[in-house]
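Since the structure is predicted, the reported quantities are computational estimates derived from the model, not experimental observations. Convention: sequence-line order gives letters A, B, ...; per-chain numbering from 1.
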Number of protein chains: 2
Amino acid sequence: MSATNAPPPSGPSTLCGQPDLPWSGRGTSLGIFGCRFSLYPMTDRYAEVILSALAETDASKVFAQTDALSSLYRGKLVHVIDALRGLFARASRPGLHLVMEGQISKGCPGDSDGDSFLAEDDLPLNRPGIADLRLPVMAKIALYPLGAQNYIDLIAEVVRMAERAGLNPRTIHYATRLSGDLNRVMDFLEKVSRFVEPRSNHYVLTFTVSAGSPTQETP
Amino acid sequence: MSATNAPPPSGPSTLCGQPDLPWSGRGTSLGIFGCRFSLYPMTDRYAEVILSALAETDASKVFAQTDALSSLYRGKLVHVIDALRGLFARASRPGLHLVMEGQISKGCPGDSDGDSFLAEDDLPLNRPGIADLRLPVMAKIALYPLGAQNYIDLIAEVVRMAERAGLNPRTIHYATRLSGDLNRVMDFLEKVSRFVEPRSNHYVLTFTVSAGSPTQETP
């Protein structure tokens, strides 16, 4: 298990975890993607579900940290997505309503090269074990490209990408709904990140992935 | 109970729930704040907790809608915050680990004046009943002012506001941790929205509020 119990956050507050750096813009030239995320298993045994999924997920190619509210994976995009994918797959089980919420991000002007492993190769550790998994999920996403006037164009293109990916995008206030298989949704989050990253110095892609919801929505 | 079971999202996809409008910029001149949010009660009885809290919260001064992933309150800021506050208070109970995640937003260029009640007065409906509630929570926030180059300055000022509000802001990657009483955290979300709204045509303020977590963080 690579996730560690983090010491409580401390020190003066600023952005992106670098309290003592001026806005250096360094974040935009680094290859570090990150995701802060939380798992919500709607069961009395939530702690056991979360801890065992964290333990069973191979996060050895990312920097991983857990506090009382959320966890963090940082590193190469392929490994951040792979660890998220593995974690959700490990935590899910028949009859359990499980939700993961997270924010994939890159380029915060205050980011630094700490808390990340970038020397790794590009071979995902978790995907091979769940490549055949068929897990239908409902999802929503919202994309926030920061510091740029053309952000609406990027968002609109991502919605079209979801359509082409067969993820049935539907507009709701403040987000876009998706539905499909877990692996296809996770592939899409990776694809969106690769599309937006060279077009926006700093972006945040928020997502919610839900399995096993008892709520029926009539088509 | 004002929350209704929404029909499934349908129609062509675009932003902010207005599939047939061009990017009109109308959103920036409307007074409509909105919040898409989810409650996560970590218990086998999660459905009962969510549905009873929605039923006990007076959301009659906002437009409210629920789908399988999240719910929506839209209207005047005072009432959106008031309904969120009431909902979390109603859902919380001793021994329950309860989390709410949401995004408060205003100004999407594709927004319209639909799905909102703006004719209401400014008297909150839920706060009087829970003004004396003392509910310690852990929280995190992230602010995304969109379409503007100066977004970092707004974010930095909001962190300073949290310090002045006594909410112990601490930096973590991609977010700012807060801690304090539920009512003070909700007051702060309202204050941040009032501060950012005139300074950013379009912004999103994401938040996580957590009560009853068993995870200990040593100071």
Side-chain angles (χ1 to χ4, degrees), chain A residues 7-11 13-17 19 23 34 36 38 40-44 46-47 67-70 72 74 97 99 101 103 105 108-109 115 138 140 142 144 146-149 151-152 155-156 159 162-163 169-177 204 206 208 210 213-215 217-219, chain B residues 7-11 13-17 19 23 34 36 38 40-44 46-47 67-70 72 74 97 99 101 103 105 108-109 115 138 140 142 144 146-149 151-152 155-156 159 162-163 169-177 204 206 208 210 213-215 217-219:
Chain A
S10 64
S13 252
T14 167
L15 308 174
C16 310
W23 310 131
R36 179 164 293 285
S38 300
Y40 300 115
M42 255 64 81
T43 167
D44 291 344
Y46 66 94
D67 68 23
L69 284 191
S70 54
L72 173 73
R74 264 166 70 88
H97 182 198
V99 178
E101 290 220 22
Q103 303 85 44
S105 183
C108 178
D115 296 349
M138 296 187 289
K140 63 181 166 71
Y144 309 120
L146 291 155
Q149 300 258 337
Y151 70 103
I152 289 285
I155 296 170
V159 173
E163 194 75 55
R170 292 295 179 267
T171 295
I172 56 175
H173 284 289
Y174 313 116
T176 299
R177 282 282 301 268
V204 178
T206 68
T208 305
S210 168
S213 168
T215 305
E217 291 179 337
T218 44
Chain B
S10 64
S13 251
T14 169
L15 308 175
C16 311
W23 309 133
R36 179 163 295 284
S38 300
Y40 301 116
M42 254 66 79
T43 166
D44 291 345
Y46 66 94
D67 68 23
L69 284 191
S70 55
L72 173 73
R74 264 166 69 90
H97 182 197
V99 177
E101 290 220 22
Q103 303 85 44
S105 183
C108 178
D115 297 347
M138 296 187 288
K140 62 182 166 70
Y144 309 121
L146 291 154
Q149 300 259 337
Y151 70 103
I152 289 285
I155 296 171
V159 173
E163 194 75 56
R170 293 292 179 269
T171 295
I172 57 176
H173 284 290
Y174 313 117
T176 299
R177 282 282 301 269
V204 178
T206 68
T208 305
S210 168
S213 169
T215 304
E217 290 179 340
T218 42

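Side-chain contact between A:Leu72 and B:Tyr174: present, with at least one pair of heavy atoms (C-beta onward) separated by less than 4.5 Å. A heavy-atom distance below 4.5 Å is found between the side chains of A:His173 and B:Asp115. Side-chain contact between B:Leu146 and A:Leu146 is present, with heavy atoms from C-beta onward closer than 4.5 Å.
Contacts between A:Ser213 and chain B at a heavy-atom distance below 4.5 Å involve the side chain alone, from C-beta outward.
The two atoms that bring B:Pro41 and A:Met42 nearest to each other are O-CG, 3.4 Å, heavy atoms only. For the residue pair A:Lys140 and B:Leu69, the shortest heavy atom distance occurs at N-CD1, 3.7 Å. The two residues A:Glu217 and B:Ala68 make their nearest non-hydrogen contact at OE2-N, 2.9 Å.
With sequence neighbours excluded, the residues forming a side chain to side chain donor-acceptor pair (under 3.5 Å) with A:Ser210 are A:His97, listed by chain and number. For A:Tyr151, the side chain to side chain donor-acceptor pair (under 3.5 Å) test picks out B:His202, with sequence neighbours left out.
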Discussion item. Under the criterion side chain to side chain contact (heavy atoms under 4.5 Å, CB included), I'd like the reasoning laid out for A:Arg177 against B:Asp67: C-alpha separation, chi angles, the key distance, then a yes or no.
Written reply: CA-CA 10 Å; A:Arg177 282 282 301 268; B:Asp67 68 23; 3.1 Å; yes
Worksheet item: Does the side chain to side chain contact (heavy atoms under 4.5 Å, CB included) test come out yes or no for B:Arg36 and A:Ile172, once each step is laid out?
Response: CA-CA 10 Å; B:Arg36 179 163 295 284; A:Ile172 56 175; 3.5 Å; yes
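With rounding to the nearest 0.5 Å, the separation of OG in A:Ser70 from CD in B:Glu101 is 8.5 Å.
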